[in-house]
There are 2 protein chains.
Amino acid sequence: MRKDSRLSRMLHVLIHMDRLGGPATSERIAKMLSTNPVVVRRTMAGLRQQGYVTSVKGHGGGWSLAMPLNKISLLDIHNALGESSVFTIGLSDEYTHCPIEQAVNKAINDVLIEAESLLLERFGEVTLDVLAEGIADFLSPSFTKDKGC
Amino acid sequence: MRKDSRLSRMLHVLIHMDRLGGPATSERIAKMLSTNPVVVRRTMAGLRQQGYVTSVKGHGGGWSLAMPLNKISLLDIHNALGESSVFTIGLSDEYTHCPIEQAVNKAINDVLIEAESLLLERFGEVTLDVLAEGIADFLSPSFTKDKGC
DNA sequence: TTTCATGTAACTTATGATGTTTCTTAAATT
DNA sequence: AATTTAAGAAACATCATAAGTTACATGAAA
């Protein structure tokens, strides 16, 4: 089943952005992610809407962090990306009147809700500055390389 | 993102099967699920391989439960369906050497593992007989109807 | 020996995410 | 003012893959 790695990739980008002097263009970010600028804009749009990044048009423009990394949690970015559910598991909806289907779906859904609550709680506990801790500063310039990271 | 409702649907089917006198053909199950027999065989094959159901060819053949419902948990069927991960969230793998990617992926993965453990644990605690409890017996014959359930 | 039903392989379709093209808008440089 | 740079956005194309379908083989009962 298809995986959505946007959370992982965006966190990666945000931390690199924090180490960058100025704004990062969609093009540069796209190269870093081996994708293209439009996809980057599409994804970053959600983060901008929630206030985590800003975008500036024109010369010298691009994307910048709108707040320090310690104000941004994994949960924040997860929510900003706007995915409805974290699970590949879905419920059947063919026989909503059938008590067996109801019982099965309730049992599954109860578990999904509990597991998702735990996941979101944990995501909320981790801020991006913690992830960036202990990573040497000399890594910063490599982001500026074309293929680099 | 696409959802996999096979678990929900198969549990539904298994409980109905338990209330049936004889074996259920792939065709009948397919009608119940608004799908076709080959898809049913494909899905049920995993359950047979793990010993939860048996299949018999030819006249009067079909699918039968190989054990009582109280021996089968949600986890059993989930595992038998053989899906690798329960999450839509995936990790990036573009820069496995990048310490930032590593830190991001470890943080996400730690949470996923914890949440998945809880989910699987809960699935293991629920057996199908519990789901079938309190459901009136007169429902049974309706499974035999063409569109019914 | 005919019918019924599963087993399996190969192929087709449907869906949704991702990628691409094209054009518009806006800001800084010349 | 004209040019360049870069985001915004709409429309369309591609791709991956789960689900659906067809066709045929196998095997068991009537």
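Both backbone and side-chain heavy atoms feed into the values below; hydrogens, waters and symmetry mates do not. We name chains A, B, ... by the order of the sequence lines, and we start the count at 1 in each one.
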Can you see which heavy atom on [X] is nearest to which on [Y], and at what distance?
X: A:Ile77; Y: A:Met10; value: CG2-CB, 4.3 Å
X: B:Leu131; Y: A:Ala107; value: CD2-CB, 3.4 Å
X: A:Lys71; Y: A:Asp76; value: O-OD2, 3.6 Å

Got a donor-acceptor contact below 3.5 angstrom from the B:Ser26 side chain to the B:Val40 backbone?
no

Please determine if a side-chain N or O atom of B:Thr25 lies less than 4.0 Å away from the OP1 or OP2 oxygen of C:dA5.
no

Whole-Å gap separating [atom2] ([N]) and [atom1] ([X]):
X: B:Arg28; N: C:dT6; atom1: CZ; atom2: P; answer: 11 Å
X: B:Trp63; N: C:dA5; atom1: CH2; atom2: P; answer: 14 Å
X: B:Glu94; N: C:dT18; atom1: CD; atom2: C1'; answer: 13 Å
X: A:Leu47; N: D:dA7; atom1: CG; atom2: P; answer: 14 Å

Which atom pairs, one a donor and one an acceptor, fall under 3.5 Å between side chains of residues 123-130 of chain B and the rest of the protein, sequence neighbours left out?
unit_1: B:Glu125; atom_1: OE2; unit_2: B:Arg122; atom_2: NH1; d: 3.3
unit_1: B:Thr127; atom_1: OG1; unit_2: B:Asp129; atom_2: OD1; d: 2.5

Expected string for nucleotides 12-20 of chain D under the B/S/- scheme (protein heavy atoms, under 4.0 Å, primed atoms plus P, OP1, OP2 as sugar-phosphate) is ----B-SBB

Side-chain touch A:Leu81/A:Leu47, heavy atoms, less than 4.5 angstrom
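A side-chain contact exists here, since the closest heavy-atom pair is under 4.5 Å.
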
Angle between ring planes, B:Tyr95 versus B:His97, binned at 30° and 60°: parallel, tilted or perpendicular?
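Answer is perpendicular, since the angle exceeds 60°.
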
Does the pair B:His16 and A:Ile100 meet the rule for a side chain to side chain contact (heavy atoms under 4.5 Å, CB included), with working shown?
CA-CA 8 Å; B:His16 275 299; A:Ile100 296 178; 3.4 Å; yes

Quick one: which protein N/O atoms are closer than 3.5 Å to N/O atoms of nucleotides 22-27 of chain C? Pair and distance per line, please.
unit_1: C:dT25; atom_1: O2; unit_2: A:Lys57; atom_2: NZ; d: 3.4

